[in-house]
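In this chain, residues are counted from 1 in sequence order.
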Amino acid sequence: SRSLDSGPVVFGVLLTLVVLSVLAWTVLCVKVVSLRLVHKRCEAFVVSFWESRSLNELNTQLWKYPTSPTKEAFRFAYSELARNNQLRDQAAMSDLVLNALLDNLTRSLQKTKREQKNILERHLGLLAITASSAPFIGLFGTVWGIMNAFEGIALMGNTSLAAVAPGISEALVATAFGLAAAIPSLVGYNVAQGVIRSLLVTIDGFNADFLNIVERFLV
């Protein structure tokens, strides 16, 4: 093929870019679909949260709901609340005890949010790496191919445009491959991050609502 004529280095660069592009497209498609599903599940759980008659009732029916960040936030926060039952059962609760309990719940919710954020961002690093490195990998292949083209011209002693053009055009294919891998990766990374930011806003809202309900109950 024409790409093989440019030498093994350029061919290796093109092969690397093709592999990166295939992996990036796979991650992009899977991630966008899964994030949209997670977003839908989060919103559905929030609706169920407000429709439930009590936190205890929702906790007993937690198995009915598919896994989502808001469900995990509720599960861990409710567990933290259950571990402090003796504090809630006291006839009089001091401000110090109340603040300590609310601080524990806040830390539990924030920890769950960070864990869920890490899960949501899993494999996005490949898109970021491809978006930032693919153009330079392609440029390296182009420079190498042009060097080989000029070296061949020097050996042949023919400097006409007809002799220069094929080698240079083959080398420029590497740059095109690099851009073809980088652009979708960059767009996909930004789209995924946008969905994740929206999910984090939903989680923050749910956490605030949960803390407000608990605080009203305790006070």
- prompt: With respect to Phe210, which candidate in Trp50, Phe76, Phe74, Tyr78 satisfies the ring pair (Phe, Tyr, Trp, His ring centres under 6.0 Å) definition?
  reply: Phe74

- request: Applying side chain to side chain contact (heavy atoms under 4.5 Å, CB included), name anything that partners Asn190, two or more places apart in sequence or on another chain.
  value: Leu186

message: Could you measure the distance from the CD1 atom of Ile183 to the OG atom of Ser21? Nearest 0.5 Å is fine.
response: 11.0 Å

field: Side chain to side chain, Leu55 and Val214, heavy atoms closer than 4.5 Å
entry: yes

- prompt: Which salt bridge (Lys or Arg N to Asp or Glu O under 4.0 Å) pairs, counting each pair once, include a residue from residues 193-203, with sequence neighbours left out?
  reply: none

- prompt: Cluster question for you: counting only ILVMFWY and a side-chain heavy-atom cut-off of under 4.5 Å, with indirect links fine, are Val187 and Val32 together?
  reply: yes

- request: State, to 0.1 Å, how close Leu211 and Leu102 come at their nearest heavy-atom pair, and which atoms those are.
  value: CD2-O, 4.3 Å

task: Measure the shortest side-chain to side-chain distance between Leu199 and Leu35 over non-hydrogen atoms and say whether it is less than 4.5 angstrom.
output: yes

Residues forming a salt bridge (Lys or Arg N to Asp or Glu O under 4.0 Å) with Arg114, sequence neighbours excluded: none

task: Determine, step by step, whether Lys111 and Arg107 satisfy the side-chain contact (heavy atoms from CB on, under 4.5 Å) criterion, reporting the C-alpha distance in whole Å, the side-chain angles of both residues, the deciding distance to 0.1 Å, and the verdict.
output: CA-CA 6 Å; Lys111 178 183 177 182; Arg107 285 193 294 269; over 6 Å; no

- prompt: Counting distance only, does the side-chain N/O of Ser198 pair as donor-acceptor with the main-chain N or O of Gly194 below 3.5 Å?
  reply: no

message: Ignoring hydrogens, what is the shortest heavy-atom contact between Ala24 and Ser185? Give both atom names and the distance.
response: CB-OG, 3.2 Å

query: Which is it for Asn207 and Thr112 under the side-chain contact (heavy atoms from CB on, under 4.5 Å) test, yes or no, and what are the steps along the way?
result: CA-CA 10 Å; Asn207 291 350; Thr112 305; over 6 Å; no

statement: For Lys71 and Pro66, the nearest pair of non-hydrogen atoms, with its separation, is CD-O, 3.5 Å

message: Which heavy atom of Glu43 sits nearest to which heavy atom of His39, and what is that distance?
response: OE2-CE1, 2.8 Å

- prompt: About how many Å separate CG of Asp204 and CG of Leu109, when rounded to the nearest 0.5 Å?
  reply: 10.0 Å

message: Working note: Leu14 + Val173, criterion side-chain contact (heavy atoms from CB on, under 4.5 Å); need CA distance, chi angles, decisive distance, verdict.
response: CA-CA 8 Å; Leu14 295 179; Val173 171; 4.2 Å; yes

task: Evaluate the side-chain proximity of Thr60 to Asn56: yes if any heavy-atom separation is below 4.5 Å, no if none is.
output: no

task: Assess whether side-chain contact (heavy atoms from CB on, under 4.5 Å) is satisfied between Lys113 and Gln110, documenting all intermediate values.
output: CA-CA 5 Å; Lys113 175 187 172 182; Gln110 290 299 320; 4.1 Å; yes

- prompt: Rounded to the nearest 0.5 Å, how far does CZ of Phe136 lie from CG of Leu139?
  reply: 8.0 Å

- request: Identify whether Phe177 and Leu15 are in the same connected component of the hydrophobic contact network (ILVMFWY, side-chain heavy atoms under 4.5 Å).
  value: no

- request: Compare every heavy atom of Cys42 with every heavy atom of Pro69, then report the nearest pair and how far apart it is.
  value: CD-SG, 3.2 Å

query: If we only count heavy atoms from C-beta on, is the Phe49 to Ile213 side-chain gap below 4.5 Å?
result: yes

- prompt: Side-chain heavy atoms under 4.5 angstrom apart, residues restricted to Ile, Leu, Val, Met, Phe, Trp, Tyr: same cluster for Leu105 and Leu62?
  reply: yes

Flag, side chain of Ser52 to backbone of Leu58, donor-acceptor distance under 3.5 Å: no

- line: In this structure, CZ of Arg41 is separated from OG of Ser48 (nearest 0.5 Å) by 13.0 Å

message: I need the full list of ring-ring contact (aromatic ring centres under 6.0 Å, His included) pairs touching residues 51-73, with sequence neighbours left out, sorted by first then second residue.
response: Phe45-Tyr65

Smallest separation among heavy atoms of Thr67 and Glu72, with atom names: CG2-OE2, 4.1 Å

message: Once salt bridge (Lys or Arg N to Asp or Glu O under 4.0 Å) is applied, what residue pairs with a partner in residues 26-35 remain, sequence neighbours excluded?
response: none

message: Contact between Ile137 and Leu20 at the side-chain level, heavy atoms closer than 4.5 Å - yes or no?
response: yes

Val30 reachable from Leu28 in the ILVMFWY side-chain graph, under 4.5 Å edges: no

Side chains of residues 121-131: which donor-acceptor pairs under 3.5 Å do they make with residues two or more places apart or in other chains?
residue : atom : partner : partner atom : Å
Glu121  : OE1  : Lys117  : NZ           : 3.4
Glu121  : OE2  : Lys117  : NZ           : 2.9
Thr130  : OG1  : Leu126  : O            : 2.8

field: Same apolar cluster (I L V M F W Y, side chains within < 4.5 Å links), Val18/Val13
entry: yes

- request: Hey, could you give me the CG/CD1 distance between Leu172 and Ile146, rounded to the nearest 0.5 Å?
  value: 5.5 Å

